[in-house]
There are 2 protein chains.
Amino acid sequence: MAEKKKRRRGAELETAILTAAWDQLQAKGYHDLTIEGVAAAAATTKTVLYRRWPDKARLVIAALSKFGEMPSYQGVDTGSLRGDLLNLFGQMAAVLAKLRTGTLRGILADRLDKLDLGQLMGKANTSHTVMELIQPMLDRAAARGEIASADQPDRVVTLPGVLLINEVIGQRQLTVAAQVAIVDEILLPVFQSVTAK
Amino acid sequence: MAEKKKRRRGAELETAILTAAWDQLQAKGYHDLTIEGVAAAAATTKTVLYRRWPDKARLVIAALSKFGEMPSYQGVDTGSLRGDLLNLFGQMAAVLAKLRTGTLRGILADRLDKLDLGQLMGKANTSHTVMELIQPMLDRAAARGEIASADQPDRVVTLPGVLLINEVIGQRQLTVAAQVAIVDEILLPVFQSVTAK
DNA sequence: TTAAATTAGATACGGCCGTATCTTATATTC
DNA sequence: GAATATAAGATACGGCCGTATCTAATTTAA
């Protein structure tokens with residue numbers, strides 16, 4: 001009896017590959033995951049993978065997007081800038097907690113050669129940049145009178161993202177205490193220091 | 001006539017290798033520099049290189065230390081915290097200006113897998129951490145009464161280094177305008193917000 | 001001066017990367 | 001249903017990594 005040589009295609013094949021990538025990520029971690037290994041685990045070849053994703057980082061990001069159950073950020077009006085920021089960091093911490101240690105570090109390292117910081121998070125460039133998360137908070141805070149102006153310099157608006165990434169780069173855990181420290185010791189003082197134009 | 005098979009050793013050999021590494025760095029940039037290429041250019045083999053440096057990043061750092069003419073930071077009391085900080089960033093900018101674009105990015109990326117942020121700059125861990133640069137400034141500023149306390153949280157003392165690295169990671173140039181913005185929009189507000197204990 | 005210890009140099013290995021080429025199965029179109 | 005287009009699968013390549021092993025030159029100790 002001859003073997004059926006059924007060939008997977010399109011979405012079916014892609015799902016199989018991403019499943020394999022996800023498994024490898026869980027089993028071996030980002031560093032030890034290889035394109036060839038994923039291809040083998042998915043019973044295909046790396047040629048097929050390279051047709052879809054340009055490198056390991058993008059492949060893993062795709063797998064994370066599909067199976068990582070990363071909730072997209074829900075902007076909530078908590079009634080204060082401090083609450084908004086803590087809420088944001090809390091959600092980020094929850095996302096990070098789902099990742100194996102070193103995964104994000106590895107992705108960042110791999111992409112550091114090619115991209116600028118604003119795009120380091122993968123889809124961050126297309127959908128919601130850090131700025132787009134922060135700006136509404138600042139708008140509300142200004143409307144409440146908590147800060148003098150919602151029109152803050154770029155470097156200031158990007159600061160939360162920078163601090164988040166910095167926290168990830170260090171081996172730190174982004175505990176609640178760390179979140180509070182970041183918000184109270186750094187972010188609020190900076191935001192509040194801006195004077196109305 | 002038989003060739004003299006003179007064998008270089010120790011410091012002589014090491015200098016030859018680092019010279020080759022430096023040349024390659026200038027000629028091809030960090031990304032395209034390879035260990036094997038440096039070995040070949042130095043007329044030796046990579047075995048010899050791996051006996052001295054564990055990876056490309058360390059090799060390049062060694063070459064930079066030897067030939068990069070990176071002036072070590074000179075702490076100067078300019079009379080104000082703002083002046084001190086701008087002076088620091090100015091010196092850092094001068095150092096960065098000597099590096100080919102992408103060199104520092106590459107080094108950071110390569111080491112991101114293995115180290116925490118405080119050690120990313122190579123010898124930064126042994127000699128002068130960022131904290132050790134900043135703390136004297138804060139001490140002086142507190143003595144002058146510019147800030148309420150020199151006893152600032154770790155995350156705050158490390159902030160200048162984080163912002164510097166962030167600036168480098170982006171493709172930005174660390175212009176004077178950027179330095180001023182960092183100091184005035186972020187660092188001074190943060191430092192000044194700390195209340196005496 | 002001879003023997004012992006170092007260390008440079010040469011070579012080879014397995015692993016993975018990223019690309020190219022070719023075939024063959026499957027889908028699409030006529 | 002046959003012709004055509006598309007994409008999977010197989011294989012091979014050159015490049016570099018990092019390690020291991022062996023040799024031979026050179027230094028150091030005796």
Side-chain angles (χ1 to χ4, degrees), chain A residues 1-21 24-25 27-63 102 106-107 109-115, chain B residues 2-21 23-25 27-63 102 106-107 109-115:
Chain A
M1 52 178 287
E3 296 292 332
K4 286 195 177 183
K5 344 179 183 174
K6 192 159 53 179
R7 236 176 225 193
R8 295 161 299 180
R9 284 204 156 207
E12 182 193 358
L13 178 58
E14 191 157 316
T15 298
I17 294 169
L18 290 179
T19 302
Q24 297 279 306
L25 190 63
K28 327 172 63 167
Y30 183 83
H31 183 77
D32 292 336
L33 175 148
T34 68
I35 303 263
E36 285 186 336
V38 171
T44 179
T45 56
K46 52 178 177 166
T47 316
V48 176
L49 301 215
Y50 279 111
R51 282 193 193 111
R52 291 178 160 75
W53 305 278
D55 52 40
K56 170 167 144 180
R58 310 285 194 97
L59 169 62
V60 169
I61 288 173
I107 294 176
D110 277 356
R111 304 205 68 190
L112 204 49
D113 273 333
K114 303 156 191 166
L115 297 168
Chain B
E3 295 292 331
K4 287 195 175 184
K5 341 179 184 175
K6 192 158 53 178
R7 237 176 224 193
R8 296 160 300 181
R9 286 204 155 205
E12 182 193 356
L13 178 57
E14 191 157 316
T15 298
I17 294 169
L18 290 179
T19 303
D23 291 345
Q24 297 279 305
L25 191 62
K28 325 172 63 166
Y30 183 85
H31 184 76
D32 292 336
L33 175 149
T34 68
I35 304 262
E36 284 185 338
V38 172
T44 180
T45 56
K46 54 179 176 168
T47 316
V48 176
L49 301 216
Y50 278 112
R51 282 192 193 112
R52 290 177 161 75
W53 305 278
D55 53 40
K56 170 167 144 179
R58 309 284 194 99
L59 169 62
V60 169
I61 287 172
I107 294 176
D110 277 356
R111 305 205 68 190
L112 203 49
D113 273 334
K114 305 156 190 166
L115 296 170

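Numbered from 1 within each chain, the chains take letters A, B, ... in sequence-line order.
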A.B. asks: Locate the shortest heavy-atom distance separating Ala16(B) from Arg8(B); write the atom from each residue and the value.
C.D. replies: CB-NH1, 3.6 Å
A.B. asks: Quick one, Arg111(B) and Ile61(B) - any side-chain contact, counting heavy atoms below 4.5 Å?
C.D. replies: yes
A.B. asks: Give the rounded distance in Å between these two atoms: NE2 of His31(A) and C1' of dG15(C).
C.D. replies: 12 Å
A.B. asks: Whole angstrom is fine here: how far is it from NZ in Lys6(A) over to C1' in dT24(C)?
C.D. replies: 18 Å
A.B. asks: At what distance, to the nearest 0.5 angstrom, does CD1 of Ile107(B) lie from CG of Leu112(A)?
C.D. replies: 11.5 Å
A.B. asks: Base, backbone or nothing for each nucleotide of nucleotides 2-7 of chain D, written B, S, -, heavy atoms under 4.0 angstrom, 5' to 3'?
C.D. replies: ----BB
A.B. asks: Starting at CZ of Arg58(A) and ending at P of dG18(C), how long is that distance when rounded to a whole Å?
C.D. replies: 12 Å
A.B. asks: Quickly work out the Glu12(A) CD to dT26(C) C1' distance and round it to whole Å.
C.D. replies: 12 Å
A.B. asks: Measure from the side chain of Lys46(A), starting at C-beta and using heavy atoms only, and say which of dC17(D), dT19(C), dA10(C) lies closest.
C.D. replies: dT19(C)
A.B. asks: Arg52(A): what forms a side chain to side chain donor-acceptor pair (under 3.5 Å) with it, not counting sequence neighbours?
C.D. replies: Glu14(A)
A.B. asks: Can you tell me how far C1' of dC16(C) sits from NZ of Lys56(A), to the nearest Å?
C.D. replies: 10 Å
A.B. asks: Among all residues two or more places apart in sequence or in another chain, which pass the side chain to side chain donor-acceptor pair (under 3.5 Å) test with Lys46(B)?
C.D. replies: Glu36(B)
A.B. asks: Determine whether a donor-acceptor pair (N or O, by modelled atom type, separation under 3.5 Å) exists between the side chain of Lys56(B) and the backbone of Leu33(B).
C.D. replies: yes
A.B. asks: Please give, in whole Å, the distance from dG15(D) C1' to Asp32(B) CG?
C.D. replies: 12 Å
A.B. asks: Taking 4.0 Å as the cut-off, does a side-chain nitrogen or oxygen of Thr44(A) come that near to OP1 or OP2 on dA8(D)?
C.D. replies: no
A.B. asks: Could you check Val38(B), Val60(B), Ile17(B) and say which one makes a side chain to side chain contact (heavy atoms under 4.5 Å, CB included) with Trp53(B)?
C.D. replies: Ile17(B)
A.B. asks: In whole Å, what is the span from the OH atom of Tyr50(A) to the P atom of dT21(C)?
C.D. replies: 17 Å
A.B. asks: Please list residues of residues 34-43 of chain B whose heavy atoms come under 4.0 Å from any atom in DNA chain D, ordered by number; otherwise none.
C.D. replies: Thr34(B), Ile35(B), Glu36(B)
A.B. asks: Considering residues at least two apart in sequence or located in another chain, which fulfil the side chain to side chain donor-acceptor pair (under 3.5 Å) criterion with Arg9(A)?
C.D. replies: none
A.B. asks: At less than 3.5 Å, do the side-chain atoms of Thr47(B) and the base atoms of dT19(D) form a donor-acceptor pair?
C.D. replies: no
A.B. asks: Applying salt bridge (charged side-chain N to carboxylate O under 4.0 Å, His left out), can you list everything that pairs with Asp110(B), at least two apart in sequence or on another chain?
C.D. replies: none
